[in-house]
**Student:** 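Structure provided below as structure tokens; questions to follow.
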Amino acid sequence: MKVLKLKRWTKALLNEYGIRPKKRLSQTFIVDDRILESINRLLKMESNETILEIGAGLGALTRKLAESGAYVLALEIDDNLVKVLKKVIDKYANVEVIKGDILIFDWRNVDKIVSNIPYHISSQIIIKLIKNMNYRTAFLLLQREFALRVVAKPGNRDYGRLTVIVSLRANARVLGFIPRRAFYPKPRVDSLLVEINPLKTPFLKDEEIHAFENFTRKLFSERRKNILKVLSKVTGMDKNDVKRILQKHSIPPDKRVYMLTPMEFLAVFRELYI
Ligand code: SAH
């Protein structure tokens with residue numbers, strides 16, 4: 001087979017199959033060979049590992065993963081792309097193409113997860129990855145603004161509910177910057193590659209997640225107000241009782257919501273809900 005540059009290869013495939021990328025499925029394909037190479041290197045695939053690729057698209061990354069000898073589960077929701085994907089990975093026996101929706105798909109026995117995330121469901125995917133932590137590492141290409149919300153520090157503009165929940169369950173860090181020109185069709189914003197490593201013993205327990213999500217949603221809806229005021233309002237408790245709880249955990253009552261650390265949110269949550 002003639003080796004084409006990734007951008008030409010992508011356009012040729014789309015043309016051949018008469019496919020127009022769908023905005024509503026966030027279809028934007030990686031078309032920069034060098035960036036694809038560096039992402040592939042960062043994944044450090046071993047031949048005895050299994051990897052789930054969420055939204056495999058036309059299979060640019062899928063092929064690279066297959067070459068490592070690892071077992072690849074390539075999940076894709078779009079029928080048209082599934083057809084092309086099957087052709088593209090035709091010669092690899094170690095790739096399984098699955099037509100499905102990540103929001104209702106339950107994986108088992110995977111070592112790693114990778115995705116150039118369909119950005120319209122970024123939050124839902126992250127939350128799902130944080131609830132079902134049966135994998136070792138997830139590598140996610142996220143829109144820059146969204147990625148910053150995942151890895152922000154307390155007191156930062158981007159710090160919020162998502163940051164708090166993720167950091168009580170996993171370590172998340174940015175591995176690299178991916179400019180928008182690396183994708184076709186070109187998105188309006190740049191991306192960051194983020195690595196997520198689930199904690200062996202998460203601070204926030206499985207059975208607490210749901211209530212904690214609601215709790216932090218209420219608090220962050222008034223992120224700039226002081227914690228004493230917001231907590232009394234949200235719980236309907238007497239201010240003096242709230243003050244005592246805050247004192248017990250050395251949290252100044254006039255600290256603003258968005259300045260609290262994830263562990264402080266958890267401590268207060270446990271006082272009130274357990
Ligand atoms: N991995 C490819 C394509 C990324 S674009 C590449 O990097 O080139 C995002 C892909 O996710 C698209 O192929 C889109 O069809 C798919 N997708 C969108 N929503 C999905 C869902 N709910 N479940 C699985 N795949 C989905």
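Counting starts at 1 for both ligands and their atoms, in listed order. Heads up: numbering here begins at 1 and tracks the sequence.
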**Student:** Report the nearest protein non-hydrogen atom to atom 1 (N) of ligand 1: residue, atom name, distance rounded to 0.1 Å.
**Tutor:** Gly55 O, 2.8 Å
**Student:** Polar-atom distance check: Ile102 versus ligand 1, any N or O pair below 3.5 Å?
**Tutor:**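 Min N/O separation from ligand 1 is below 3.5 Å for Ile102.
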**Student:** Give the single entry among Ile54, Val82, Ile77 that approaches atom 25 (N) of ligand 1 most closely by any heavy atom.
**Tutor:** Ile77
**Student:** Check contact between Ser26 and ligand 1, using heavy atoms of the residue and a distance below 4.0 angstrom.
**Tutor:**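 Judged by the 4.0 Å heavy-atom criterion, Ser26 does count as contacting ligand 1.
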**Student:** Would you say that more than 12 heavy atoms from the other residues, nucleotides or ligands in this model lie under 6.0 Å from the NZ of Lys87, or not?
**Tutor:** no
**Student:** For atom 15 (O) of ligand 1, which candidate among Lys22, Glu76, Arg24 holds the nearest heavy atom?
**Tutor:**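 When every heavy atom of Lys22, Glu76, Arg24 is considered, Glu76 comes closest to atom 15 (O) of ligand 1.
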**Student:** Does the residue Gly100 have a heavy-atom contact with ligand 1, meaning some pair of atoms that are separated by less than 4.0 Å?
**Tutor:** yes
**Student:** I'd like to know whether CZ of Arg136 has more than 12 heavy-atom contacts from other residues, nucleotides or ligands below 6.0 angstrom.
**Tutor:** yes
**Student:** More than 12 foreign heavy atoms under 6.0 Å from CZ of Arg223: is that the case here?
**Tutor:**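 It does: Arg223 CZ has more than 12 such atoms within range.
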**Student:** Closer than 4.0 Å to some heavy atom of Asn116 - which atoms of ligand 1 meet that?
**Tutor:** 4 (C), 6 (C), 7 (O), 9 (C)
**Student:** Counting from 1, what ligand 1 atoms have a heavy atom of Ala56 closer than 4.0 Å?
**Tutor:** 1 (N), 2 (C)
**Student:** Does Lys83 count as lying over the ring of Tyr17, i.e. NZ or CZ under 6.0 Å from the six-ring centre, within 45 degrees of the axis?
**Tutor:**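 Lys83 over Tyr17 ring: no.
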**Student:** Is Lys233 atom NZ crowded by more than 12 heavy atoms from other residues, nucleotides or ligands, each under 6.0 Å away?
**Tutor:** no
**Student:** Please report which non-hydrogen protein atom sits nearest to atom 8 (O) of ligand 1, along with the residue it belongs to and the distance in Å to one decimal place.
**Tutor:**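 The closest heavy atom on the protein side is Ile30 N, 3.0 Å.
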**Student:** Taking the basic N atoms (NZ, or NE/NH1/NH2) and the acidic carboxylate oxygens, is any pair closer than 4.0 Å for Lys248 and Glu271?
**Tutor:**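 Here Lys248 pairs with Glu271 in a salt bridge, since their nearest N and O are under 4.0 Å apart.
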**Student:** Taking NZ in Lys86 as the centre, count heavy atoms belonging to other residues, nucleotides or ligands within less than 6.0 Å. Is the count above 12?
**Tutor:**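 Open: at most 12 neighbouring heavy atoms sit under 6.0 Å from NZ of Lys86.
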**Student:** Applying a heavy-atom cut-off of 4.0 Å, say which part of Thr62 lies close to ligand 1: side chain, backbone, both or neither.
**Tutor:** neither
**Student:** In the protein, what heavy atom is nearest to atom 18 (C) of ligand 1, and what distance, to one decimal place, separates them?
**Tutor:**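 It is Leu25 O, 3.3 Å.
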**Student:** Could a heavy atom of Thr28 be found less than 4.0 Å from some atom of ligand 1?
**Tutor:**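 Flag set, Thr28 near ligand 1.
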**Student:** Once you restrict to heavy atoms under 4.0 Å, what part of Leu81 touches ligand 1? Side chain, backbone, both or neither.
**Tutor:**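 Only the side chain of Leu81 comes within reach of ligand 1.
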**Student:** Return a yes/no value for Ile117: is any of its N or O atoms, backbone included, closer than 3.5 angstrom to an N or O of ligand 1?
**Tutor:** no
**Student:** Just which atoms of ligand 1 are under 4.0 Å from any heavy atom in Glu53?
**Tutor:**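 Listed by number with element: 1 (N).
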**Student:** Measure up the Phe215 and Phe212 rings against each other and bin them: parallel (under 30°), tilted (30 to 60°), perpendicular (over 60°).
**Tutor:**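 Judged by the thresholds at 30° and 60°, the geometry between Phe215 and Phe212 is tilted.
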**Student:** Can you name the atoms of ligand 1, numbered from 1 with element, that are less than 4.0 Å from a heavy atom of Phe29?
**Tutor:** 3 (C), 8 (O)
**Student:** What is the ring orientation for Phe265 with Tyr159, classed by angle as parallel under 30°, tilted 30 to 60°, or perpendicular over 60°?
**Tutor:**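 Because their plane-to-plane angle lies in the 30° to 60° range, the rings of Phe265 and Tyr159 count as tilted.
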**Student:** Once rounded to the nearest 0.5 Å, what's the spacing between atom CD1 of Ile196 and atom CE of Met133?
**Tutor:** 10.5 Å
**Student:** State whether Phe203 and Arg169 meet the cation-pi test: NZ (Lys) or CZ (Arg) under 6.0 Å from the six-membered ring centroid, and within 45° of the perpendicular axis.
**Tutor:**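 No, a cation-pi geometry is absent between Arg169 and Phe203.
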**Student:** Got the closest protein heavy atom to atom 22 (N) of ligand 1, with its distance?
**Tutor:**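 Heavy-atom neighbour on the protein nearest atom 22 (N) of ligand 1: Asp101 OD1, 2.8 Å.
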